[in-house]
Amino acid sequence: MGRLVELGWFILLMAVVNIEAQKKPSINIRSQCLGNVMRVNVGPLGGNLLEVAVVINNSAILLTPSLASQCGFSMKIDQLGNAMIYASLQNCFAQNVEDKVFTTTLNLRLHGNQMVEDELYQVAETCQYTTWASREIVCDRSYMEVSVKRAAPDDYGLPEHPILGANSKFGDPRRAAEKQSIDAGFRITTLVFYTPGEKLMNVVEAQRNGYGITNTATRLVLRSPKASPETYIQNVAEVPMTVLRTSVIFEKKWLATQIDAAIACPTLEGSVSFTLNTITWFLPRHIDPLIYSGQFKLLEVHMGVDGQRLEPPEIAARRYSLTVNDVYIIVEIPIGAVGGYFKSHVQDGQYLTSYTIEPMLELLWTEDSINEDTRYKVLLPITTPLMSRPPQVHDNTVKEERIFKVLLGPLGSDVALMNITFPTEVLTVADCVARGYNVLEHMSPNSSSKVFTLEVPFTDSAVLQMKGMGVTVYSLQLTFGLLVLPEFAPFSHSAYLEAKLVDIVPPSVSGGCDYQNFYALLKYGTGGFNFKIMLGKRLLTPGLAQQYGFMENGTHLSFTVPFSAPDVVYEAVESSSIRSRLDMVLINPETNINIKEFSVACNFFSTLTECFPNGTMTALAVKLESVPSLNPSQLTLRDPTCGPTYSDDRYAYFVFTGNSCGTNRKFLPNMMLYENEISLPDELEMQKESTTNEPEYELKVSCYYDINKTHAVAFHTRPRRSEPYAENARGELQVAIRLATDNSYSMFHSVEDYPIARYLQQPLYFEVELMKSANPQLSLELENCWATLDEDRTSQPRWNLIINGCANPVDPNQVIFHPVWADARVQYPPHFKRFEVLTFAFAEDQDNLSSQLFVHCDVAICDARNPLGGACNRQCSNQENRIKGQRRAVLDGHSFKHVTLGPILIN
Ligand SMILES: *[C@@H]1O[C@H](CO)[C@@H](O)[C@H](O)[C@H]1NC(C)=O
Ligand SMILES: *[C@@H]1O[C@H](CO)[C@@H](O)[C@H](O)[C@H]1NC(C)=O
Ligand SMILES: *[C@@H]1O[C@H](CO)[C@@H](O)[C@H](O)[C@H]1NC(C)=O
Ligand SMILES: *[C@@H]1O[C@H](CO)[C@@H](O)[C@H](O)[C@H]1NC(C)=O
Ligand SMILES: *[C@@H]1O[C@H](CO)[C@@H](O)[C@H](O)[C@H]1NC(C)=O
Ligand SMILES: *[C@@H]1O[C@H](CO)[C@@H](O)[C@H](O)[C@H]1NC(C)=O
Ligand SMILES: *[C@@H]1O[C@H](CO)[C@@H](O)[C@H](O)[C@H]1NC(C)=O
């Protein structure tokens, strides 16, 4: 649209002189040439009054509104107190050099409202403007101006006109003007206004009526206030326009000529329409009152704001739109767009805004038939009707941060936040800041609006908390107290914020142990299974989890860790147990913060030292938590040359004998004690102590040998092979006899039950067991069993019950043998023998029945691999009472055991 023409103006000079001493250096003054007008920006005024005077011939003439509109000046002040002064280059006071260079000098006086002295600034601007069109029309906010080029001198054919010609002679008056020369000899005598009826005024009258008339070197300038009695409204393409039509009569002696000068400016009403979001301005493309011929051609259309042209990219960037159709030039401006500003208003407590912008349209058209072009410029100040745009409350709270974050806006840049009302109190903004709330004002980058933000922590007393059902509801009720400046009009806006937070329950852990494992059960908290698990120093990886029998069901997880697993630490070693501890840490995978720590420690039975009857001893040394730097492979027995036979980073296993590796031997009553100890060799220990403050590692190893029962394994004797009770060298009871409560042999009398009372003829159920042997090759055989009255097995009288493995053949009430089957208690049936005795078997002499009995047995332990006859290979004559068909060799004469049970009271 419209070809771009090189602009014929540029800034020539800008001079700002602060005449008085500078007191408020913050004020900015900037002047600019904008084609046929110039603009001075002054501001911010900060509440001061601005008085503008024009300087001419060293004297200042104060610009009143009427003088301004007559002489081509106007002024506006925006909501932030910045003033813009517009001046026509052809204003009454410009120094005009050949209609090419125009200088205007202004005095700007700021009236301080306090004790401050007035401040005076002078600004002079020289603008060069050479691209004058034949006719230039300016529609300013306060005046309408037309500048018409006077025709080139042409002394021939100058027609004479009577001063008051007939209407007909105005058929094409400008054609006459154009062809005629109006040289210096001519002077303006009369102005004819067509209202549309004719109205005559001389120059003085016209000036008195507010018109400006200037006759420059080449041009005639006529200026009128916006609404003078001589203007009229004419609808042009349905847009009402203010029209002023005049003829200016020039006379020279008896000659008279005239120039017609018409102005038409759009009125705001009728040319601008508003929607909620857009301002639309229709300017007729063909402004009939200004166009005489049919051959009208629109050459250029420019758009601008505040008198300044904008290039198409800038127009697009500001989201303005400029379109031209057959009838109109249409400008659309989004409400709120750059270039305008919002002004806030309060009506009945309601917050309202208006938006103000002053767009400009500049047209250039030509009428070829009369060889004349027209530049037409309109600056149209537009203010929307009051709009209800209540500020919005945005809840930007991220509840996990536990801070209410609220944003209020947008509000006009002329709104100030004064205070905030909470249910319990009213706080000024300063109070809020002192209280630790974060209150901020954010101006939009284009200064057209602002927002306020407020942050209040959930923990603040202004925040209400309601707990229940595992949820806490936080709420904040507040009212912003606001003020529109500079009118000091108060209004308020309320907000209610609420945030629900699920109460956080951490995961819980429980754990325990059995004889060889740690068990861990984890119940998830509110976060679910959202944690990493550290076991000891290792992360529980899927592989490790599988190894530890990891199970998970949506609410719980569990796993099992053997007490000797690498993730377990050993706290202490006791004679037959190890105290181990499993440490667990639950870690938040995002923050790596520990959610929960948990430890279980248990004593696990473990044979660390074994003492074999053949004199071999073994000892397992474990690395303890308290000596992390210990290297088990460096441990030795007392003799530092006796190192471990096997070691890794947690264990060292030693094998030694009673007469090696510095083992000590001690004699105790019926016992022999072998002792050794495991520790670091002295030099390593000293080295460790010098670098760490760990305790010294020393593990004592002791073996007791019962001399009476294991004398065969005494220190120097040759070890014996397959010693049945050699599995534990502590000399514990190997054979036991006990009395069952009935023939099911499931319940037995315990030691506390003795003496046991039985009635005569009540049967007694005996069981004899080879204890603590897992050797299935061994069997227990009963050699002889008898009863005595005294605990002494050799005492008299004596009743033989079993003789040489068989029931006493002379006993009228022979013992009854019961077979033994494997069950939960009986692992190896050959290790057991059971028999039943009737008590009246003891009633040989009923008169002298004793009150108590003791039963004794001689027991043989037999080895199936080595049948040697004797008790192990005996047969009874009575087939039914035979204990075993096939007897086996007793190991040797010494392997008889003797057991005694009693007393049993016979009533
Ligand atoms: C300014 O002075 C010039 C002569 O120097 C004079 O022609 C002109 O009328 C004066 N203008 C005003 C407004 O006093
Ligand atoms: C000014 O900035 C605000 C916020 O950034 C934006 O909403 C508005 O559209 C902008 N106005 C203009 C004129 O660009
Ligand atoms: C809070 O500010 C509002 C708006 O400026 C004002 O009307 C009101 O009086 C203030 N309230 C208090 C308690 O200061
Ligand atoms: C998950 O396992 C735990 C512990 O074994 C049990 O108490 C719970 O009921 C199980 N939950 C489901 C959903 O199976
Ligand atoms: C001693 O007995 C143990 C256990 O039966 C056996 O491992 C070891 O080899 C024997 N030592 C000797 C020297 O026979
Ligand atoms: C071991 O034998 C001695 C004598 O041979 C005896 O005095 C002692 O009581 C016996 N000890 C045990 C525990 O049987
Ligand atoms: C009967 O018992 C008494 C003591 O209790 C004893 O003196 C007496 O000799 C016993 N008689 C017989 C026949 O054993």
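Whatever order the structure lists ligands and atoms in, that order sets their numbers, starting from 1.
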Peer 1: Do the side-chain N and O atoms of Ser69 and Ser142 include a donor-acceptor pair separated by under 3.5 angstrom?
Peer 2: no
Peer 1: Report yes if the side chains of Thr479 and His493 come closer than 4.5 Å at any heavy-atom pair, otherwise no.
Peer 2: no
Peer 1: Under 4.0 Å from ligand 3, counting heavy atoms only, is it the side chain of Leu482, its backbone, both or neither?
Peer 2: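 Under 4.0 Å from ligand 3, Leu482 contributes backbone atoms alone.
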Peer 1: Would you call Asp583 and Lys537 a salt bridge, taking side-chain N to carboxylate O under 4.0 Å as the test?
Peer 2: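 No, no charged N to carboxylate O under 4.0 Å.
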Peer 1: Charged N to carboxylate O below 4.0 Å: is that the case for Arg579 and Glu625?
Peer 2: no
Peer 1: At a 4.0 angstrom heavy-atom cut-off, what protein residues surround ligand 4?
Peer 2: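 Residues within 4.0 Å of ligand 4: Asn553, Thr555, His556.
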Peer 1: Identify, by atom number and element, the atoms of ligand 3 in contact range of Met418, meaning under 4.0 Å from any of its heavy atoms.
Peer 2: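 So the atoms of ligand 3 that pass are 2 (O), 5 (O).
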Peer 1: Do Tyr121 and Glu119 have side-chain N/O donor and acceptor atoms under 3.5 Å apart?
Peer 2: yes
Peer 1: Establish, from distance only, whether the side-chain atoms of Tyr86 and Asp140 form a donor-acceptor pair under 3.5 Å.
Peer 2: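 No - no donor-acceptor pair under 3.5 Å links their side chains.
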Peer 1: Which atoms of ligand 3 have any heavy atom of Pro490 under 4.0 Å away?
Peer 2: 4 (C), 7 (O)
Peer 1: Output the list of atoms in ligand 3 that are nearer than 4.0 Å to some heavy atom of Leu483, sorted by atom number.
Peer 2: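 So the answer, numbered in order with elements, is 5 (O).
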Peer 1: Let me confirm one number: the NE2-CG distance from His111 to Leu50, rounded to the nearest 0.5 Å.
Peer 2: 8.5 Å
Peer 1: Among Phe518, Tyr515, Tyr570, whose ring pair (Phe, Tyr, Trp, His ring centres under 6.0 Å) with Phe604 holds?
Peer 2: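 Only one of Phe518, Tyr515, Tyr570 forms a ring pair (Phe, Tyr, Trp, His ring centres under 6.0 Å) with Phe604, namely Phe518.
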